[in-house]
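Throughout, a chain's letter reflects where its sequence line sits, starting with A, and its residues are numbered from 1. Because the structure is predicted, anything quoted here is derived from the model rather than measured.
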Number of protein chains: 2
Amino acid sequence: MGHIDLQGTHDYTGAMKKSLKIKSKDRCARFLREHGITPTAQRVDIGFAVLSGCEHLSAEDVFDSVNTGTGRPRVSKATVYNTLGLFVEKGLIREVIADPNKTFYDPNTAPHHHFYDADAGKLVDIDGADVKIVGLPPLPKGKEMAGVDVVVRLRDSA
Amino acid sequence: MGHIDLQGTHDYTGAMKKSLKIKSKDRCARFLREHGITPTAQRVDIGFAVLSGCEHLSAEDVFDSVNTGTGRPRVSKATVYNTLGLFVEKGLIREVIADPNKTFYDPNTAPHHHFYDADAGKLVDIDGADVKIVGLPPLPKGKEMAGVDVVVRLRDSA
DNA sequence: CTAACTGCAAACGTTTTGCAACTTT
DNA sequence: AAAGTTGCAAAACGTTTGCAGTTAG
């Protein structure tokens, strides 16, 4: 019965990305290229949608966001899903599994956790720096930790 | 920045259910009745599948489990899903959200957490009694905690 | 007998896939 | 031209729902 210091299990290069908000499409294109992703128009739009804010968007949200407004080139659902998957694979964003019905994508790749308000379908960040999980048993043999997700489920107080 | 003692947030009546393993169908029927559920043949089969072990089964697992073997009455998928939902609602089992592709059902309703081996698709219990989460921020106003899920994701160590 | 329960099939929402057309280099 | 990317439509999941028929109390 040791304890696990979440700070110790991750490097904090990710924490920098948190503040590195993408504020223009140009900047987004550069960011993609830096991560080995060819910045096509669709990818830039998707990247901008998911990386410019600090919200937690579902694929559906991204699809809507990218396809509302006037002059934009149309982005298909397939491309949204494929691209979000690519971004996760390349470490630009993170999947958050809090609701069985949909996956959220989180532009904050630093170690942190979430409040989840199931009624509203909204995730709220919990800064990971101060959170410690104490009393975890040792990991099963031959396994290492790939990540720790803490989801605090919320309901309206009575 | 307080800390949250998981022991303090739940009563431990649930912990008794953990040891209360259902070892026969008769016993299962009684158990269902005690929880206000009419014990039909299908519900008893489903209950037995999910309550007699300490495994974490998906709906698909339960469906297979209930429909393999020789003489059993057939149980439809709809009934499996509806019945598992009913069991959750009545507090006999708990949903575990660890994989975006399927929901697991956990016969252990005591507060506890999970290792998740995504490669194998297997959940392993972490006893909740000793685990504390330290450093969580205060809850958003007007909200109370409905539950805390900790999922430690595992991968094969290098 | 009545209310509750079940099965089927169809509908659903999310995510994935096959492939032809189109960019990009 | 070769390689990579996109869109569409269709399929593939897991899950839910409507309804006619069956079963429990």
- Query: Any Lys/Arg nitrogen of B:E55 or B:K122 sitting under 4.0 Å from an Asp/Glu carboxylate oxygen of the other?
  - Reply: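 Salt bridge between B:E55 and B:K122, a charged N being under 4.0 Å from a carboxylate O: no.
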- Query: If you measure from the Lys or Arg side-chain nitrogens to the Asp or Glu carboxylate oxygens, is any gap between B:D117 and B:R153 under 4.0 Å?
  - Reply: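 Salt bridge absent between B:D117 and B:R153.
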Respond yes when some side-chain nitrogen or oxygen of [X] is under 4.0 Å from OP1 or OP2 of [N], and no when none is.
{"X": "A:Q42", "N": "C:dT23", "result": "no"}
{"X": "B:R74", "N": "C:dT6", "result": "no"}
{"X": "B:T79", "N": "C:dT6", "result": "no"}

Atom pair distance, as rounded to whole Å: [atom1] in [X] and [atom2] in [N]:
{"X": "A:E60", "N": "C:dG13", "atom1": "CD", "atom2": "P", "value": "10 Å"}
{"X": "A:R43", "N": "C:dT24", "atom1": "CZ", "atom2": "P", "value": "11 Å"}
{"X": "A:L86", "N": "C:dT17", "atom1": "CG", "atom2": "P", "value": "15 Å"}
{"X": "A:F63", "N": "D:dC8", "atom1": "CZ", "atom2": "P", "value": "9 Å"}
{"X": "A:K102", "N": "D:dG14", "atom1": "NZ", "atom2": "C1'", "value": "16 Å"}
{"X": "B:D45", "N": "C:dT6", "atom1": "CG", "atom2": "P", "value": "11 Å"}
{"X": "B:N67", "N": "C:dG7", "atom1": "CG", "atom2": "P", "value": "9 Å"}
{"X": "A:D64", "N": "C:dG13", "atom1": "CG", "atom2": "P", "value": "14 Å"}

- Task: For the pair A:R155 (side chain) and B:K143 (backbone), establish whether a donor and an acceptor sit closer than 3.5 Å, ignoring hydrogens and angles.
- Result: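 Between the backbone of B:K143 and the side chain of A:R155 there is no qualifying donor-acceptor contact (under 3.5 Å).
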- With no hydrogens and no angle check, do the side chains of A:H56 and A:D125 hold a donor and an acceptor under 3.5 Å apart?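 Present: a donor and an acceptor within the cut-off.
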- Is there a donor in the side chain of A:S58 and an acceptor in the side chain of A:D61, or the other way round, less than 3.5 Å apart?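 A pair is found: one side chain offers a donor N or O, the other an acceptor, under 3.5 Å apart.
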- Query: So what does A:T103 hit on the nucleic acid, given a heavy-atom distance under 4.0 Å: a base, only sugar-phosphate, or nothing?
  - Reply: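 Here A:T103 touches the backbone only, sparing every base.
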- Query: Does CD belonging to A:E95 count more than 12 external heavy atoms closer than 6.0 Å?
  - Reply: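 Yes - once you tally the heavy atoms of other residues, nucleotides and ligands closer than 6.0 Å, there are more than 12.
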- Could you encode protein contacts along nucleotides 16-25 of chain D as a string, one character per nucleotide from 5' to 3', using B for base contact, S for sugar-phosphate-only contact and - for no contact, with a heavy-atom cut-off of under 4.0 Å? BB------SS
- State which residues pass side chain to side chain contact (heavy atoms under 4.5 Å, CB included) with A:V96; sequence neighbours excluded, sorted by chain then number.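 Partners of A:V96 by the side chain to side chain contact (heavy atoms under 4.5 Å, CB included) criterion, ordered by chain and then number, come out as A:A98, A:F104, A:D106, A:H114, A:L123.
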